[in-house]
S.K.: 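Have a look at this one.
Computed from a predicted structure; not experimentally measured. We use all heavy atoms of the structure for the numbers below, so side chains are in, but hydrogens, waters and symmetry mates are not. Each chain gets a letter, A, B and so on, in the order its sequence line appears, and its residues count up from 1.
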Amino acid sequence: MRVALFVACVDDAMFPGTGRAVTSLLERLGHEVVFPAGQTCCGQLHWTTGYRREAAGLARRFTGVFADAGTIVTPSASCAAAVRSSYRSMARAADDPDLERAAAGLEVYELTEFLVDVLGVTDVGARFPHRVAYQPTCHASRALGVGDRPLRLLRAVKGLDLVELPAAGECCGFGGAFAVKNADVSVAMVADKVRHVRDTGADVLCALDNACLAHIGGALSRLRAGVRVAHLAEILASTGEGA
Amino acid sequence: MSLREGEAGAHVPDPSERDPDASGGSGGSGAPADSGGSAVPGGSGGSGGPGGPGGVVGPGSSAGSGGFGVGTLLRLVSGQQGSAARGRGPDGKPALPRFAEAAREALADAGARHDLAESAGLARDRLAAATGEPSDWEELRAAGAAIRDRALLDLGAHLEAFERAVTDAGGTVHWARTASDARRIVASLVREGGEVAVADGPVLREVRLADALAEQGISACDAGGPEGRDRVRAARVAVTGADFLVADSGTVVLLEADGAARACLTLAEKLVCVAGMDRAVPDWTDLEVLLQLLPRAAGGQRLSPQVSAWTGVVPGDGPSEVHVVLVDNGRTRILGDDVGREALRCIGCGACSAVCPVYERVGDHPYDPRGTGPSGPIGAVWTPLARGVDRAQTASLPFASTLCGACAEVCPVKIDIPGLLVHLRGEVVDARRNRPVPTPELAVMRGLAWTMADARRFEAAVGRGSRWARLVARGGRIRRLPGLLGRWTEARDLAAPPAESFRVWWRRREAARRRLR
Ligand code: SF4
């Protein structure tokens, strides 16, 4: 089928490997991927930081760009959650019923939802011979409710040794602007997360949100912990020795 | 009395405490004598916490900044603990620091951090066990939310019905618009006695009853414990809080573990119950659902060890004088906020605090340095809703969350706390939009929105940004960023951005494909 790829602004600029991975994964599975060129940002950062006016503007823009896109797939769980649930709140705060209607008309899937629910696959033919821990980020697990879909996909990856992350459900402390506005608490939280990650002995930590991974990965890197972070899409796209 | 009338909880902000976002200053000194405090305990409700801010540099923190450096990160990761010196403001007065400042101080107290983490772990286990047990927990929550919404929709009418029922039963209802009204009313009711037995509760801490009694020279004793009963008999006057008010019967309902309230209700000659006016429920059917939800969410118990209910004066049994003080103290203001009013559903169980990763690390104090308001996630919405966001401390609270959503998942009355936090962030930002000079953050966010409004503009900005970022990167990592973002790199690296953004790669690939076709 034909899939419109939505690449979060942060992923576009900072983690282009994730979008490339989704593209190659979906094409490998026999689907056509298009990238609507007008896309920029879903407005999540503005919305969660209190800039509702700007957020509503970006949301209107997003619904326009993707209006006729059909099935939309994104590797960013938090952006998927923003479009699917925050747009309604944005529309109500802006008293914009058109936006609410336009948002309701979009068919947005986070990658693992699309793979498991729409395509009905868990074995995507990936090979990734590493010890991997999965961090269920807050937006993926609570706002979106992806449940065990990511784990089912990971379990089907050849050569992958999936290890359980202690206290996995606890927030890593990123929280968008929180990481800067409340940097001390944020760092205290990521310190505990990093400790748990190291306890697993994993070489790779994966998740469905690159921003959270940048936060955890940034702390791991500062500590030279020898654990790298990777978006789950990059693992699923991998067919060889590395990623 | 109409709930929409007047401006309950209004206060005159101390200019020195005005939101300093533009000036970068911290909160002012000197807490206002009285302003809209609020009820509802978040967590244990203890006010324990350090006094004023300032002068805290934990071991391993980056020199001079008082913040976290890599040393702190290393220490935290390795589980080592440090100790911290703490002080008060230079004038010796307690100030009202913003959340981040108070939190920094709380974080430096390694002992308290350890205790908080331990008790949070226990509370979470108990909560999970108690709420996982009933198969209809989710239906109960939905019913609880609907019941509270219904009660709030007609709160004025329910409170009036409550007043009529109490009066008919021989009691007296007093209306307190502010915390100081409540203090004055209670003090005038107990003055004659000279001594009073107190069953402590969140609403009594909210109105700072202890201070009022001390000012009046009234000696207060604890109605709890084995000696409580004798103390209540000797004092003859007793003051309690209240968990629920049943409107149609005029009944005050108290849930407790230690028997203090029960001793007051049964043994005092004069009983004074202080209640947040949000706690009215229409009737006993509604109360029944809440009585199932509250104990499980609060302490992981199936039932409250003691549920006491008292209605007016019963000749020959219990108090011969019964007073109920209904406290507004900002609640009408919350009710007037169409989105924020959901916060008034709160039944004060503390479950949101028990699961909150931020609360777990900083405790009660940063949410309300005066120790009168609720703490934890509900405190972060209740206090700014009740007091407004024109002061630095209250304006900082909606940002004291990662929006992880753990609180909303457990709240027995399904309050969408993350949604309310985002709503309040919007209120804070909108209040700042009218400043003659825009805050740096507003300028950045507007610029960002402008950039994002056009794909080519966005692409050009990404190109410029990543060229610059690769210049400051060393070995693929950025270890230090300027300005606001410097707070990121205090303890976290940033991976250097790639040379080619996704969209540039995509275009290159499309072009190559077209050539092949
Ligand atoms: S969990 Fe809900 S009811 Fe309990 S204290 Fe928090 S907001 Fe109030």
Side-chain angles (χ1 to χ4, degrees), chain A residues 7 9 11-14 16-17 19-20 23 35 37-41 43 45-52 54 57-58 61 86 89 93 138 142-143 169-171 173-192 194-195 198 214-215 217-219 221-223, chain B residues 67-68 70 72-74 76-77 79 99-100 103-104 107 357-358 361-362 398-406 408-409 419 422-423 425-430 445-446 448-449 452-455 458 462 465-466 477 479 484-485 487-488 490-495 497-498 500-503 505-506:
Chain A
V7 174
C9 56
D11 289 355
D12 188 352
M14 301 284 291
R20 292 200 300 265
T23 307
F35 178 75
Q39 64 179 285
T40 55
C41 167
L45 177 69
H46 284 88
W47 173 248
T48 56
T49 315
Y51 294 83
R52 348 184 224 215
E54 290 78 5
L58 289 168
R61 201 176 171 281
S86 304
S89 314
C138 303
R142 296 202 183 94
E170 191 164 303
C171 178
F174 169 62
F178 181 86
V180 176
K181 281 180 189 270
N182 277 285
D184 298 312
V185 187
S186 175
V187 169
M189 288 166 72
V190 80
D192 289 338
V194 161
R195 184 164 54 230
R198 293 178 101 178
H215 173 66
S221 160
R222 180 62 57 91
L223 295 165
Chain B
F68 275 78
V70 68
T72 310
L73 181 59
L74 273 169
L76 290 168
V77 168
F99 185 89
R104 184 178 310 156
L107 282 167
V358 175
R361 287 168 178 87
V362 303
F399 298 92
S401 165
T402 62
L403 306 179
C404 81
E409 208 171 51
V422 169
H423 163 67
R425 291 176 185 192
E427 299 291 299
V428 172
V429 169
D430 282 353
M445 295 302 275
R446 271 195 191 141
L448 205 55
M452 299 296 195
D454 183 280
F458 172 56
V462 168
S466 52
R477 314 190 293 171
R479 296 180 55 97
L484 282 174
L485 294 173
R487 303 253 37 211
W488 176 281
E490 271 171 21
R492 290 153 289 197
D493 290 340
L494 198 63
E500 188 179 56
S501 69
F502 177 79
R503 68 183 60 225
W505 172 80
W506 180 272

S.K.: Who wins among R20(A), E170(A), E54(A), Q39(A) for the most heavy-atom pairs under 4.5 Å with chain B?
M.R.: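 When all of R20(A), E170(A), E54(A), Q39(A) are compared, R20(A) has the most.
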S.K.: So for S89(A), is it side chain, backbone, both, or neither that comes closer than 4.5 Å to the heavy atoms of chain B?
M.R.: neither
S.K.: Select, from E409(B), E500(B), R425(B), R361(B), the one with the greatest count of heavy-atom pairs under 4.5 Å involving chain A.
M.R.: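 Answer, by heavy-atom pair count under 4.5 Å with chain A: R361(B).
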S.K.: Would you mind checking which part of A179(A) comes under 4.5 Å of any heavy atom in chain B, side chain (CB onward), backbone (N, CA, C, O), both or neither?
M.R.: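 For A179(A), backbone and side chain are both near chain B.
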S.K.: Measure distances from R61(A) to the heavy atoms of chain B and classify the residue's part below 4.5 Å as side chain, backbone, both or neither.
M.R.: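 Side chain only.
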S.K.: Anything under 30° is parallel, anything over 60° is perpendicular, the rest tilted; go ahead and classify F35(A) against F502(B).
M.R.: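 Taking F502(B) first and then F35(A), their aromatic rings stand perpendicular (interplane angle over 60°).
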S.K.: What option among E427(B), H423(B), M445(B) has the most heavy-atom pairs under 4.5 Å with chain A?
M.R.: M445(B)
S.K.: What is the minimum heavy-atom distance between M189(A) and P357(B), and which atoms define it?
M.R.: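 Result for this residue pair: CE-CB, 3.6 Å.
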S.K.: Find the one option among A37(A), G175(A), G38(A), G50(A) whose heavy-atom pairs under 4.5 Å with chain B are most numerous.
M.R.: G50(A)
S.K.: Any idea which heavy atoms bring V358(B) and V185(A) closest together, and the distance?
M.R.: CG1-CG1, 4.0 Å
S.K.: Would you name the heavy atoms of A13(A) and S501(B) that are closest together and state the gap between them?
M.R.: CA-CB, 4.5 Å
S.K.: Counting heavy-atom pairs closer than 4.5 Å to chain A, which one of A406(B), P398(B), A408(B) comes out on top?
M.R.: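 It is A406(B).
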S.K.: Between V422(B) and R52(A), is there a side-chain heavy-atom distance shorter than 4.5 Å?
M.R.: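 They are not in side-chain contact.
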S.K.: Side chains of V462(B) and M14(A): closer than 4.5 Å at any heavy-atom pair?
M.R.: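 No, side chains not in contact.
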S.K.: Keeping the roles fixed (side chain from D12(A), backbone from R503(B)), state whether a donor-acceptor pair exists under 3.5 Å.
M.R.: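 A pair under 3.5 Å: yes.
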S.K.: Is A177(A) close to chain B through its backbone or its side chain, or both, or neither, when contacts mean heavy atoms under 4.5 Å?
M.R.: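 Nothing of A177(A), per the 4.5 Å heavy-atom cut-off to chain B.
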S.K.: Any heavy-atom pair between the side chains of H46(A) and R446(B) that's under 4.5 Å?
M.R.: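 No, too far: nothing below the 4.5 Å cut-off.
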S.K.: Taking it one step at a time, do L448(B) and L45(A) satisfy side-chain contact (heavy atoms from CB on, under 4.5 Å)?
M.R.: CA-CA 10 Å; L448(B) 205 55; L45(A) 177 69; 3.9 Å; yes
S.K.: A100(B), G426(B), A455(B): which one forms the most heavy-atom pairs within less than 4.5 Å of chain A?
M.R.: G426(B)
S.K.: I want to check something: taking the side chain as every heavy atom from C-beta on, are F458(B) and C9(A) in contact at a cut-off of under 4.5 Å?
M.R.: yes
S.K.: Report which part of V7(A) has an atom under 4.5 Å of a heavy atom belonging to chain B: side chain, backbone, both, or neither.
M.R.: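 The side chain, not the backbone.
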S.K.: Heavy-atom cut-off 4.5 Å, strictly under: side chain, backbone, both or neither for S86(A) against chain B?
M.R.: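 For S86(A), there is no contact with chain B at all, as no heavy atom is under 4.5 Å.
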S.K.: If every non-hydrogen atom of A453(B) is compared with every non-hydrogen atom of L58(A), which pair is closest and at what distance?
M.R.: N-CD2, 4.3 Å
S.K.: Out of F178(A), Y51(A), W47(A), which one racks up the most heavy-atom pairs below 4.5 Å with chain B?
M.R.: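 Option with the greatest count: Y51(A).
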S.K.: Using non-hydrogen atoms and a 4.5 Å limit, figure out which bit of F399(B) sits close to chain A: side chain, backbone, both or neither.
M.R.: both
S.K.: Taking the side chain from R487(B) and the backbone from K181(A), do they hold a donor-acceptor pair closer than 3.5 Å?
M.R.: no
S.K.: Verify the distance criterion only: is there a donor paired with an acceptor across the side chains of R492(B) and S186(A) at less than 3.5 Å?
M.R.: yes
S.K.: So do N182(A) and F99(B) actually touch side chain to side chain, heavy atoms under 4.5 Å?
M.R.: yes
